[in-house]
Amino acid sequence: MVDRLANSEANTRRISIVENCFGAAGQPLTIPGRVLIGEGVLTKLCRKKPKARQFFLFNDILVYGNIVIQKKKYNKQHIIPLENVTIDSIQDEGDLRNGWLIKTPTKSFAVYAATATEKSEWMNHINKCVSDLLSKSGKTPSNEHAAVWVPDSEAAVCMRCQKAKFTPVNRRHHCRKCGFVVCGPCSEKRFLLPSQSSKPVRICDFCYELLSTGEMTACQSARSDSYGQSPKATLNDVSDDDDDEDSSD
């Protein structure tokens with residue numbers, strides 16, 4: 001079916017509409033063989049709070065952005081190559097239901113659908129697209145992914161020293177290797193993680209020691225599958241402020 005739609009006028013028109021919704025700031029999305037599989041609003045668990053984001057699934061990429069005007073205008077476009085994607089289901093907990101992890105070498109995060117059926121459809125379609133891409137290219141599934149960041153709301157104190165309390169002055173930081181929320185003194189070091197950045201990035205002291213001694217696999221986040229376990233998080237904020245990027249620290 002995807003091959004049949006690839007060069008159809010209807011598919012070309014749908015992709016053109018998506019391009020126009022992102023405006024001049026968005027990257028062109030129309031290329032030969034690309035098919036728009038589906039679209040919808042998902043709740044993305046960002047650093048500070050869950051936020052509604054518009055997602056578009058193509059047969060080779062996943063695109064999402066902030067909602068400015070529903071069905072008409074989006075900004076802050078993000079494009080994720082599906083060849084690098086792996087997904088894992090998340091157990092329901094409180095208001096956070098129907099969720100799964102989207103994991104890539106550069107960035108990983110949790111999203112939640114409105115219903116269990118919608119979640120199942122998204123996961124099935126994503127897995128099918130990834131499987132088809134890997135089958136055509138002969139590549140193997142990615143076994144490396146960036147840590148899923150722990151939301152700020154889950155850490156009142158540093159997750160490493162367990163002592164430093166976070167205040168407007170003593171601000172939160174995220175280790176780029178494990179995703180933990182840590183204080184400044186526990187994350188003063190930087191380390192080059194090529195899959196995430198061309199420059200050294202902030203990591204916690206614990207991960208720095210493991211990376212420095214070559215024990216990289218021991219440094220994986222212990223929380224990458226526990227994002228349904230945040231009773232403090234709510235799903236009613238759909239503001240269009242900045243995403244969870246925190247490149248300055």
Side-chain angles (χ1 to χ4, degrees), residues 42-53 64 66 76 78 88-104 106-114 145-191 193 196-197 200-212 215-249:
L42 298 174
T43 297
K44 180 175 178 291
L45 192 58
C46 299
R47 175 188 175 185
K48 294 185 178 180
K49 63 188 78 171
K51 300 173 186 176
R53 296 287 183 256
Y64 71 92
N66 293 10
K76 298 188 183 298
H78 298 262
D88 289 321
S89 181
I90 303 173
Q91 291 186 349
D92 293 344
E93 183 73 23
D95 289 333
L96 295 173
R97 307 178 67 82
N98 310 314
W100 68 97
L101 297 177
I102 296 176
K103 302 188 293 185
T104 80
T106 57
K107 182 178 182 178
S108 302
F109 53 90
V111 292
Y112 296 85
H145 63 268
V148 180
W149 283 16
V150 176
D152 286 0
S153 61
E154 291 197 19
V157 299
C158 174
M159 297 178 71
R160 285 306 182 194
C161 68
Q162 301 291 324
K163 296 177 182 178
K165 294 183 179 180
F166 295 120
T167 67
V169 176
N170 185 33
R171 56 190 296 244
R172 294 169 172 83
H173 302 278
H174 277 84
C175 171
R176 271 38 174 199
K177 183 59 182 176
C178 67
F180 279 17
V181 183
V182 291
C183 64
C186 284
S187 59
E188 292 179 339
K189 297 181 176 64
R190 292 177 180 268
F191 199 92
L193 301 177
Q196 295 189 38
S197 175
V201 293
R202 181 187 288 269
I203 60 174
C204 67
D205 291 347
F206 176 77
C207 287
Y208 183 82
E209 292 301 320
L210 290 175
L211 288 164
S212 298
E215 300 179 39
M216 296 180 70
T217 55
C219 193
Q220 296 299 319
S221 171
R223 298 180 54 83
S224 62
D225 60 351
S226 62
Y227 277 78
Q229 302 177 10
S230 174
K232 296 181 182 179
T234 59
L235 297 177
N236 57 5
D237 190 291
V238 293
S239 60
D240 283 315
D241 56 347
D242 289 341
D243 211 279
D244 56 342
E245 274 70 35
D246 187 13
S247 58
S248 61
D249 60 67

Q: Give the C-alpha distance, both sets of side-chain angles, the deciding distance and a yes or no for side-chain contact (heavy atoms from CB on, under 4.5 Å) between R190 and Y208.
A: CA-CA 8 Å; R190 292 177 180 268; Y208 183 82; over 6 Å; no
Q: Taking all heavy atoms of L45 and all of P151, pick out the closest pair and write down the distance.
A: CD2-CG, 3.8 Å
Q: Give the C-alpha distance, both sets of side-chain angles, the deciding distance and a yes or no for side-chain contact (heavy atoms from CB on, under 4.5 Å) between Y64 and K44.
A: CA-CA 10 Å; Y64 71 92; K44 180 175 178 291; 3.6 Å; yes
Q: Write down the atom of A113, the atom of W100, and the distance for their closest heavy-atom approach.
A: CB-CZ3, 3.9 Å
Q. Do V182 and H174 have side chains that get closer than 4.5 Å, going by heavy atoms?
A. no
**Q.** From SG (C207) to CZ (F180), nearest 0.5 Å
**A.** 8.0 Å
Q) Rounded to the nearest 0.5 Å, how far does OG of S187 lie from CG of D205? A) 7.5 Å
Q: State, yes or no, whether a side-chain contact exists between W149 and C46 at a heavy-atom distance under 4.5 Å.
A: no
**Q.** Expected output: side-chain S108 to main-chain A147 donor-acceptor under 3.5 Å
**A.** no
Q: Find the distance between CG (L101) and CZ (F109) and round it off to the nearest 0.5 Å.
A: 10.0 Å
Q | Main-chain N/O of R176 paired with Q196 side-chain donor or acceptor, under 3.5 Å | A | yes
Q. Quick one: does R172's side chain have a donor or acceptor within less than 3.5 Å of a partner on A155's backbone?
A. yes
Q: Of all the heavy-atom pairs spanning A110 and I90, show the shortest one and how long it is.
A: CB-CD1, 3.7 Å
Q: Could you check L193 against L211 for side-chain contact (heavy atoms from CB on, under 4.5 Å), going step by step and ending with a plain yes or no?
A: CA-CA 10 Å; L193 301 177; L211 288 164; 4.3 Å; yes
**Q.** E209 side, atom CD; F191 side, atom CZ - distance, nearest 0.5 Å
**A.** 10.5 Å
Q: Show your working on side-chain contact (heavy atoms from CB on, under 4.5 Å) between V181 and H173 and close with a plain yes or no.
A: CA-CA 6 Å; V181 183; H173 302 278; over 6 Å; no
(Q) For V157 versus K163, what's the shortest heavy-atom pair and its separation? (A) CG1-O, 4.5 Å
Q) Any side-chain heavy-atom pair from H78 and K107 closer than 4.5 angstrom? A) yes
**Q.** Spatial distance of atom CZ (R202) from atom NZ (K189) [nearest 0.5 Å]
**A.** 11.5 Å
Q) Is any side-chain N of the basic residue among D152 and K48 closer than 4.0 Å to the acidic one's carboxylate O? A) no
Q: Measure from the side-chain N and O atoms of D92 to the backbone N and O of N98, and report whether any donor-acceptor pair falls under 3.5 Å.
A: yes
Q | Closest approach of N170 to C183 (non-hydrogen atoms, all atoms of both residues) | A | OD1-CB, 4.3 Å
Q) If you round to the nearest 0.5 Å, how far is OG of S89 from CD of Q91? A) 8.0 Å
Q.
Could you report the tightest heavy-atom contact between R160 and C178, atom names first, then the distance?
A. NH2-SG, 3.3 Å
